[in-house]
2 protein chains.
Amino acid sequence: MTAAANQSGRRPPTSRRLERAGIRDVAAAAGVSITTVSDALNGKGRLPDETRSRVREVAERLGYRPSAAARTLRTGRSGLIGLTVTTYGEEPFTFTEFAYFAEMARAATSAALGRGYALVVLPASSRHDVWSNVALDGTVVIDPADQDPLVSELYRSGVPVVSDGKPGNCPVTAWVDNDHEAAVLGILDHLSEAGARRIGLLTGTSTDTYTRLSTDAYLGWCERVGQEPVYEAYPAHDPAAGAVAADRLLARPDRPDAVYGLFDPNGTDLLAAARRYGLRVPDDLLLVCCSESDVYAGTEPPITTLSLKPRRIGTTVVNLLIDAIEGVDSGTGLTADAPTAGARLFPPRYRTAGTGPPPGTLMPTELIVRASSLRRSPRTTVSAPRTPGEV
Amino acid sequence: MTAAANQSGRRPPTSRRLERAGIRDVAAAAGVSITTVSDALNGKGRLPDETRSRVREVAERLGYRPSAAARTLRTGRSGLIGLTVTTYGEEPFTFTEFAYFAEMARAATSAALGRGYALVVLPASSRHDVWSNVALDGTVVIDPADQDPLVSELYRSGVPVVSDGKPGNCPVTAWVDNDHEAAVLGILDHLSEAGARRIGLLTGTSTDTYTRLSTDAYLGWCERVGQEPVYEAYPAHDPAAGAVAADRLLARPDRPDAVYGLFDPNGTDLLAAARRYGLRVPDDLLLVCCSESDVYAGTEPPITTLSLKPRRIGTTVVNLLIDAIEGVDSGTGLTADAPTAGARLFPPRYRTAGTGPPPGTLMPTELIVRASSLRRSPRTTVSAPRTPGEV
DNA sequence: TGGACATGGAGAAACGTATCTGCGACGGAT
DNA sequence: ATCCGTCGCAGATACGTTTCTCCATGTCCA
C-alpha cells in the first residue's frame, strides 16, 4: 500500500487536496486514459459505445465538471459574448432605462443562450480593468460612438463586433439597425395626412446614430416641404430635462400643431405639457413618440408610437455575431476599412465572407397608430417603412 | 542569423503565427524572463522601478493583453459573477419584465463593475449546457425556488451563492430580502386607517418567497382582525391573466373596498376594472400595489405604491457575494445546513465567517402614499416597515 | 503468409499565465 | 576575511483541458 499509492498517473503525490474531480481522476477511476475520457465526454474520437457510456457513468458518479477555464485556454473559445451597455450621458450606468434597451438586451440574452452562449454585461466606457479580464468570443455593441475607441480596439484584436446601430466611423464585423430615416419620414407623412401644418420635433443633444439620423431626416424633410424646423433638444439621459424641453417646445411663439418625440418618456411629457397649455390632443395637437412601452395604449388619449422592434434587433444582432464567431475565421483584417455602403433590407445574408463593407441589415419599424395622431376615428396598426436609398 | 533565430525561449520554432503577443514575446522583447514580466505588470515581486516601467512600456508597445483564460486557469478566479434570472413561469425568459428585476439587475451590474467584476446573465433553469461552460466566482440568485437544484449544486461545488429573496430550503452563502411580512402588514394597517372595512388581495399562484410570505401575512392579518380573506390568485408571468384576475376580484359578491396588488401591473389593471364597474378611486375603492414604476405618479388618480427598493437590494447582494468570494475561503461546508434563523436588519455585517445559519439581511421597503389610498387630502411619502420578529 | 486497413486507445505536447524555488552578486557587520 | 541578508532576477512547474501523433491489435483478402 505504500508503493502503490502513486497510481493517479503522472502527477507526483503532492498532498492530494480533496478538490473537485478532474479529468485525470475520471480516467483513473475508469481505468482509461484522459484522452479517452475527453473523447467519450465530447463525443469525439473512435470509441465503442460501451466505453463511452462507462466513462460517462464514472464521470457522473464522481461529479466531474470540466473546467471552463482550461477548456477556454485550450480551444480559444469561451462561449461568452460581451454586451456593451451605453451610458446615455456620462456617469450613470443605464441600460434597462429605456424599454428599448431592456427588450433588446432580453432578446439578445435569450438568443445567445439558445445557441449555447452567455452574455456578459460590460460598460461601454473603456475601463480596461474589466474588459481585459474576461475572454470574449465576440461583442455586441449598442449604439457605438462615432469613433469608438473601444470598438476599434476590439476589432483590431480580432474579436468580432456586431453593433446595434449603424456605426459612424469605426470598423465592425456587421451591424443591424432600423431605417430611422424612413421611419421619421413615414411619421411626418402620417402627421401631414392627419392635417398637421407645422410639425415639431423633440430630440436629443447626444451624437449617437439614432438621434443624428432621425434629426437629419426631420431637417431634410422640413427643407423639402418648406417648413421652418421647430425643435427642442435635451440630454436624453436626464428624465427631468425631457419634461422641461417638452414644455419649452409648446411654449414657443411658433408653436407646432404636431410633435414627434424621439424618446420613450416624451409622450407623457408632451401630454402633460399640452394639458398645462390647455391644448387638446389630438384636436389642437397631434402627438407621436418613439416608445416600446404599452402604457401609451392606456393614456388619455392613447398615443401613437413608433416601435423599433427591439426584440427582432437583439435576436438578429446576436445571431449575426455568433455566425461570425463560428463561421469563417475572419483573416487578418481583410474585411475591414471600406466605407459603409452595403446595407440590405431584412433578412440578412448570414455567413458573409469575402471583402467589402461591413454588412448592415435594416430591420423594419412599426408605427402603432392611436388616437393622438388622428383627427378622425382611430384605425388599426399599420406598418410604414420605405425602401432604403429612396431618400 | 540562421542559428540565432531560436531566441524566443523554450518554444521550438514551430511556424510562428502572427497572433496576439503573449507574455513570452514581451519577455523576449524586453530581454527579461517571463517571471519578471508577470511581476512587473502585476505589481508583485521585488523589482526596481526602472525594470518595471521598461517592461510595462514594452508590453504597451507590443499591444500585450494578458489571456483571461490562462489567468483564470492559474489563479482560479475569473472575475465573473453569475446572475440567474428567474423565469416567472415556465418558458418565457423574463428579466426586465418587471421594473423590479430591471432595476435590481442594473444596480447589481453597476456594483459588480465597480469592484472589478462582470455579470454573466444565466437562466435559472438548470440547463447545464451553459452553466458548466463558464467559470464563475460566485452567483447571484434571484428568488430561488424552494428546493432549487441549481442552487444546491452550485453550493455543493463550492461556488458562493447569495440570493435575492430568503431561500426556502436550499443552502446559500447569504441572502438579502425585504421584510415582506412587515411591508404587507404596514399596508393593511394603512388601508384600515384610511377607512377600509374589507381589504382584498391580488396575488400570484407561484410558490416563490415573495408571493408566499406576502400572502401568508395577509391571511394571518385577516385571521387576527376577524376579516374573511378576499383574494384572487393568477400566474404572475402572464400579463393578460392579471387583468382578468383584477376583474374577478371586483366582480365578487363580497367585493372588497380596498385592494392590495402584489405585482407591478396590478395598479393599472385594478384601475381599469374599477372603471368598468363604476367604482371611484379612492372614494369607493382604495388601491395600493407593489411597483417600482413611476407611471403610478401620473395615473388618474395617482396610485399608492410599495417600493421594494431594488437598487439597494442589488447593490447589497453583489457586495455580500464579492465579500464572500474575496473573504474567508469558506471551508468544506462548515457554514451550511443550519435552519435559517439569523436575520438582521440593514446594514449587514460583512465578512461573516464562522458557522451558524446563512446570514440574511433585511432591507427596508418604502410606501409611497398617493391619492388612491387616501380618503382625505394626499400626504407625502412615508416609510413604513416594522422591526422584524414582531409579527 | 503477409500486407492493407480499420479499430481502440495511450502519450505527450501544447494553451498562457502565476508563483515557488533558487542562485549569483553585492554590501555591511562581525 | 568570512558570514549573512537582501536584491534582482531566471527556471521550472502546475493549472486542466483538447488534440495531434502514433502504436498495438485484430481482420480481411490476395
Side-chain angles (χ1 to χ4, degrees), chain A residues 8-17 19-28 30-55 59 62-79 132-135 157, chain B residues 7-17 19-28 30-55 59 62 64-79 132-135 157:
Chain A
S8 77
R10 9 174 300 206
R11 175 155 51 169
T14 56
S15 74
R16 308 267 294 148
R17 307 206 180 106
E19 303 279 341
R20 285 170 37 191
I23 197 174
R24 273 193 291 263
D25 304 299
V26 177
V32 294
S33 75
I34 61 171
T35 305
T36 305
V37 174
S38 178
D39 284 349
L41 296 180
N42 294 337
K44 303 196 171 179
R46 306 168 306 193
L47 296 179
D49 287 347
E50 184 254 328
T51 305
R52 223 175 269 278
S53 59
R54 184 164 49 89
V55 168
L62 264 55
Y64 167 69
R65 295 272 174 272
S67 150
R71 173 175 301 181
T72 299
L73 177 59
R74 182 64 234 254
T75 63
R77 288 267 161 79
S78 67
S132 62
N133 261 333
V134 41
S157 65
Chain B
Q7 57 182 349
S8 76
R10 8 174 300 204
R11 177 155 50 170
T14 57
S15 75
R16 309 266 294 148
R17 305 203 182 110
E19 302 280 343
R20 286 171 37 191
I23 197 175
R24 273 193 290 264
D25 304 298
V26 176
V32 294
S33 74
I34 61 171
T35 305
T36 305
V37 174
S38 179
D39 285 348
L41 296 180
N42 294 338
K44 303 195 171 181
R46 305 168 308 191
L47 297 180
D49 288 346
E50 184 254 328
T51 305
R52 222 174 270 277
S53 58
R54 184 164 48 91
V55 169
L62 263 57
Y64 168 70
R65 295 273 174 269
S67 150
R71 174 177 303 190
T72 299
L73 177 59
R74 181 66 231 251
T75 62
R77 288 267 161 80
S78 67
S132 62
N133 261 333
V134 42
S157 66

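Every chain is numbered from 1 and lettered A, B, ... according to where its sequence line falls, protein lines coming before strand lines.
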Output the distance between atom [atom1] ([X]) and atom [atom2] ([Y]), rounded to the nearest 0.5 Å.
| X | Y | atom1 | atom2 | value |
| --- | --- | --- | --- | --- |
| B/Ser38 | B/Arg71 | OG | CZ | 8.0 Å |
| B/Ile23 | B/Thr36 | CD1 | OG1 | 9.5 Å |
| B/Leu73 | B/Ser78 | CG | OG | 12.0 Å |

* Distance check: side-chain N/O of B/Arg71 vs OP1/OP2 of D/dC15, anything under 4.0 Å? ->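 Answer no for this pair, as no side-chain N or O of B/Arg71 is under 4.0 Å from OP1 or OP2.
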
* To do: Report yes if a side-chain nitrogen or oxygen of A/Ser33 is closer than 4.0 Å to either non-bridging phosphate oxygen (OP1 or OP2) of C/dA10; otherwise report no.
  =>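 A/Ser33 to C/dA10 OP1/OP2: side-chain N or O found under 4.0 Å.
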
In terms of side-chain heavy atoms of [X], which of [options] is nearest?
| X | options | answer |
| --- | --- | --- |
| A/Thr35 | D/dG16, C/dG11, C/dG16 | C/dG11 |
| A/Ser38 | D/dT19, D/dC15, C/dA10 | D/dT19 |
| A/Thr36 | D/dC9, C/dA10, C/dC20 | C/dA10 |

Could you give the [atom1]-to-[atom2] distance, from [X] to [N], as a whole number of Å?
| X | N | atom1 | atom2 | result |
| --- | --- | --- | --- | --- |
| A/Arg65 | D/dC15 | CZ | P | 21 Å |
| B/Asn42 | C/dT19 | CG | P | 8 Å |
| A/Asp39 | C/dG8 | CG | P | 13 Å |
| A/Asp25 | D/dG16 | CG | P | 9 Å |
| B/Arg24 | C/dT17 | CZ | C1' | 9 Å |
| A/Arg20 | D/dC15 | CZ | P | 13 Å |
| B/Leu41 | C/dG16 | CG | P | 16 Å |
| B/Lys44 | C/dT19 | NZ | C1' | 8 Å |

Identify each atom pair where a protein N or O and an N or O of nucleotides 5-8 of chain D are less than 3.5 Å apart, giving names and distance.
unit_1: D/dG8; atom_1: N7; unit_2: B/Arg46; atom_2: NH2; d: 2.7
unit_1: D/dG8; atom_1: O6; unit_2: B/Arg46; atom_2: NH2; d: 2.9

* Asked: If each of B/Gly31 and A/Leu73 is mapped to the nucleotide of DNA chain D with the nearest heavy atom, which maps nearer the 5' terminus, i.e. the 5' end?
  ->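 Counting from the 5' end, the first nearest nucleotide belongs to B/Gly31.
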
